[in-house]
Amino acid sequence: MSDRIHTLSGYLHEYQKSATQPEEFWARIADSFYWRKRWDRVLKWNFDEPNVQWFVNGKLNITENIFERYLFTIGDRPAIIWEPSDPNEEGRTLTYKELYQEVCRFANALKSKGIGKGDKVIIYMPMVPEAAVAMLACARIGAIHSVVFAGFSSTALADRVNDCEAKAILTSDGNFRGSKKIAVKAIVDEALEKSSVETVIVYQRTKQDVTMKDGRDFWWHDVIASESAECVAEEMDSEDMLFILYTSGSTGKPKGVVHTTGGYMVYTKYSFENVFQYSSGDIYWCTADVGWITGHSYIVYGPLLAGATTLMFEGVPTYPDAGRFWAIVEKYKVNQFYTAPTAIRALQAYGTDVIQGYDLSSLKVLGSVGEPINEEAWHWYHTHIGQNRCPIVDTWWQTETGGIMVSPIAGITPTKPAYATLPLPGVQLCIVDPEGNELKGNSVEGNLCIKFPWPSMIRTTYGDHDRCKQTYFSTYKGMYFTGDGVKRDHDGYYRILGRVDDVINVSGHRMGTAEVENAINEHPKVIESAVVGYPHDVKGQGIYAYVICDMTNRTEDNLVNEIKEMVSKIIGPIAKPDKIQIVPGLPKTRSGKIMRRILRKVAENSLDNMGDTSTLLDPEVVTKIIEGRK
Ligand code: ATP
Ligand code: MG
């Protein structure tokens with residue numbers, strides 16, 4: 001394959017080409033896809049409105065680039081391997097041919113319910129193959145999907161349903177979570193009390209009791225029963241909306257990030273194949289949920305566009321025990337494994353005994369995504385899971401970027417713990433100071449921007465284009481602002497420092513919360529920590545640290561003092577936390593990110609306006625933190 005990077009010099013060469021001749025570069029990559037009509041122009045753009053169009057006037061259907069493209073060559077190869085939550089239940093495998101038929105049947109069912117091109121469809125489903133079928137069926141007929149993580153509350157779901165004016169919801173009766181059954185359909189019913197949704201299709205998963213509303217609610221197996229397994233794909237424009245995805249909400253009201261068809265298709269396949277160095281026949285597993293951008297780009301679209309075998313896991317890492325991930329790796333001989341630092345740290349806390357006895361020798365590549373991976377977790381992952389043999393790809397990207405932006409190419413780019421390393425071809429990074437001046441050269445630190453469009457970038461925020469402009473394109477003129485701080489070291493390698501609103505200014509010294517957290521985490525008794533700034537009379541801002549600790553054989557006082565000493569030793573006395581609160585847990589979004597704005601409110605003692613907390617994994621934790629406040 002000509003799009004494949006095989007060597008470091010090959011990467012440097014491709015990068016150079018993509019930066020000097022971006023249009024020629026992307027036209028060459030896009031040429032390997034199937035277009036009903038080729039584009040007239042590769043790129044039209046300005047970052048002021050913003051208005052970005054890739055492969056202008058190209059006509060295609062993304063699912064033809066999965067099915068029509070592969071059916072006659074690798075139609076019998078597994079497309080999706082599914083592992084259920086309960087290890088005693090049989091898994092399922094769908095070949096490309098079988099997946100195609102399921103997608104067509106369901107696409108026809110959607111059509112017979114009056115759903116078509118341009119309609120919005122919410123998918124609120126557990127991690128079963130039908131979730132992917134639902135997404136692809138929408139794409140087949142030109143409907144716009146918006147997947148909402150099936151653990152969100154009815155309020156969070158209702159907000160999203162109403163924001164995108166969904167015509168239909170695809171859901172399930174229930175969902176297995178560890179040993180529990182969650183009543184998914186009941187949550188949907190509550191969310192739909194005041195909405196214009198006309199159709200609800202319910203996939204039967206747990207067989208629990210549900211109420212079905214006459215004329216609105218239908219069983220999945222009933223609606224597909226008499227449908228044909230062929231469905232001609234709708235012709236879409238490159239810039240037609242493919243999906244809306246609401247971001248996890250760690251920084252405020254969820255935004256409906258809009259991705260379009262052509263550019264997203266080209267970029268997700270290209271980045272998937274290169275970053276993970278996927279080879280034909282490999283078994284690839286990404287542990288994310290499809291309700292998250294990682295699930296969209298690197299469980300469903302990227303792998304399937306590449307003809308890969310993608311594993312989907314319904315359950316959680318600790319059920320029935322903390323060895324589950326490794327049992328699955330052994331069972332299916334997984335070659336590429338992609339997960340989040342939060343999962344790595346959680347499993348790290350169980351020790352290495354739970355890994356012993358599993359054969360992890362099939363693994364070739366390990367991936368990390370979602371937040372900065374601290375050095376300790378990086379080394380643990382590398383040593384105990386990768387057995388010092390597998391390169392780690394620390395992939396930095398965002399819902400808004402659609403695909404991986406900064407990452408090693410597995411086995412090709414030399415890695416450094418906690419560094420996302422170098423940008424992928426086509427990604428023109430730029431570090432700016434707070435005034436927007438570009439910081440050139442190496443050994444610099446500032447705000448991460450992107451100065452040239454890439455194919456899978458956000459086009460708008462649904463229903464509110466101005467919000468897109470204000471959030472991403474107004475802070476620094478002519479640039480996309482990521483909201484993240486970054487350091488480029490003496491080798492030109494990038495290290496993401498976390499969000500810039502997470503920077504604390506103590507007596508004029510700016511430091512990233514991640515830096516202080518890393519120092520705190522060096523203490524052997526610390527499991528996880530989160531640091532925020534709060535108003536301080538003398539220093540401007542003080543440092544408030546929330547720390548989860550293993551308290552065996554320790555008192556709170558001596559631990560707090562030891563942690564302060566630790567930070568003082570590693571960063572300097574200036575970074576010594578003013579307040580340390582030992583907490584039982586941290587407020588996290590469903591995708592595992594700490595909601596720092598809540599911790600900031602607690603630290604500032606402004607408890608009356610906590611903002612949107614509907615996407616929190618465990619709202620109880622907030623109450624406990626407030627009670628134990630320093
Ligand atoms: P919201 O935008 O609603 O606050 P979110 O930013 O948490 O939600 P995502 O788009 O999933 O939702 O997350 C992107 C952010 O995650 C990045 O901006 C960055 O802060 C962080 N991130 C992702 N991957 C990495 C990584 N490999 N290293 C460091 N940070 C990462
Ligand atoms: Mg974000």
Side-chain angles (χ1 to χ4, degrees), residues 147 149 152 156 159-160 163 245-257 259 271 275 286 288-298 338-344 366-375 377-378 381 392-408 415-424 429 447-450 456-458 461 467-468 471-472 475 480-487 493-503 512-515 517-518 587-598 611-617:
V147 185
F149 176 68
F152 277 160
D159 285 349
R160 288 156 177 75
D163 189 78
L245 182 60
Y246 290 88
T247 55
S248 66
S250 48
T251 52
K253 180 179 176 282
K255 301 176 273 278
V257 172
H259 284 290
S271 54
V275 168
C286 166
D289 191 277
V290 288
W292 190 20
I293 188 68
T294 308
H296 283 60
S297 304
Y298 300 111
Y338 190 26
T339 196
T342 176
I344 298 168
L366 299 178
S368 171
V369 59
E371 56 183 313
I373 177 167
N374 49 304
E375 288 190 37
W378 194 100
Y381 198 28
I392 293 181
V393 291
D394 177 0
T395 63
W396 175 84
W397 58 298
Q398 310 178 296
T399 309
E400 298 85 345
T401 67
I404 297 168
M405 303 297 278
V406 185
S407 169
T415 57
K416 260 189 215 183
Y419 280 76
T421 72
L422 299 170
L424 295 195
L429 303 177
N447 298 343
L448 181 59
C449 292
I450 305 171
S456 62
M457 70 183 291
I458 180 175
T461 40
R467 186 166 184 204
C468 172
T471 313
Y472 308 106
T475 317
Y480 168 86
F481 176 43
T482 65
D484 285 342
V486 70
K487 167 171 142 184
Y493 267 39
Y494 291 85
R495 178 174 186 158
I496 308 297
L497 303 172
R499 300 173 198 281
V500 281
D501 52 7
D502 294 342
V503 168
T513 51
E515 195 183 357
E517 285 160 13
N518 283 340
K588 289 196 174 175
T589 64
R590 302 279 173 171
S591 56
K593 283 186 197 148
I594 298 168
M595 262 204 206
R596 258 174 249 272
R597 63 184 165 83
I598 290 183
D612 180 9
T613 54
S614 66
T615 63
L616 272 180
L617 193 60

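As the structure lists them, so they are numbered: ligands from 1, and atoms in each ligand from 1. No hydrogens, no waters, no symmetry mates; every other heavy atom, side chains included, goes into these values. In this text, all values refer to a predicted model and were calculated from it rather than measured experimentally.
The aromatic rings of Y472 and Y480 sit parallel, their planes meeting at an angle under 30°, below the 60° perpendicular limit.
Heavy atoms of W292 found under 4.0 angstrom from ligand 1 belong exclusively to the side chain. At a heavy-atom cutoff of 4.0 Å, ligand 1 is contacted by no atom of I373, backbone or side chain. At a heavy-atom cutoff of 4.0 Å, ligand 1 is contacted by both the backbone and the side chain of T399.
For ligand 1, the polar-atom distance check against G370 finds a nitrogen or oxygen pair separated by under 3.5 Å. Distances between N or O atoms of S368 and those of ligand 1 include no value under 3.5 Å. Considering both main-chain and side-chain atoms, Q398 comes within under 3.5 Å of ligand 1 through a nitrogen or oxygen pair.
In this structure, a donor-acceptor pair under 3.5 Å is present between the side chains of K588 and T342. No side-chain N or O of T294 forms a donor-acceptor pair with one of Y338 less than 3.5 Å apart. Side-chain polar atoms of Y246 and D159 form no donor-acceptor pair below 3.5 angstrom.
The shortest non-hydrogen separation linking P423 to L429 is CB-CD1, 3.8 Å. The nearest pair of heavy atoms linking G367 to Y381 is O-OH, 2.8 Å. Listed here is the closest heavy atom pair of S407 and V393: OG-CB, 3.7 Å.
Between the choices V486, D484, V257, the shortest heavy-atom distance to atom 19 (C) of ligand 1 belongs to D484. Closest heavy-atom approach to atom 30 (N) of ligand 1 among the candidates A288, P372, A340: P372. One option in M595, K255, M405, K593 has a heavy atom closer to atom 11 (O) of ligand 1 than any other, and that option is K593.
Comment: E517 engages R596 in a salt bridge, judged by a side-chain N to carboxylate O separation of less than 4.0 angstrom. Taking the charged nitrogens against the carboxylate oxygens, E400 and R467 have no contact shorter than 4.0 Å, which rules out a salt bridge.
Checking side-chain atoms of T395 against main-chain N and O of S368 turns up a donor-acceptor pair under 3.5 Å.
Ligand 1 has no atom lying under 4.0 Å from any heavy atom of G483. Every heavy atom of Y246 sits 4.0 Å or more from the atoms of ligand 1.
Applying the 4.0 Å criterion to heavy atoms of T395 picks out, from ligand 1, the atoms 24 (N), 25 (C), 26 (C), 27 (N). Taking a cut-off of under 4.0 Å to the non-hydrogen atoms of T247, the atoms of ligand 1 that pass are 1 (P), 2 (O), 3 (O), 8 (O). Counting the atoms of ligand 1 from 1 in the order shown, those under 4.0 Å from a heavy atom of D394 are 26 (C), 27 (N), 28 (N). Listed by number with element, the atoms of ligand 1 under 4.0 angstrom from any heavy atom of I496 are 29 (C), 30 (N).
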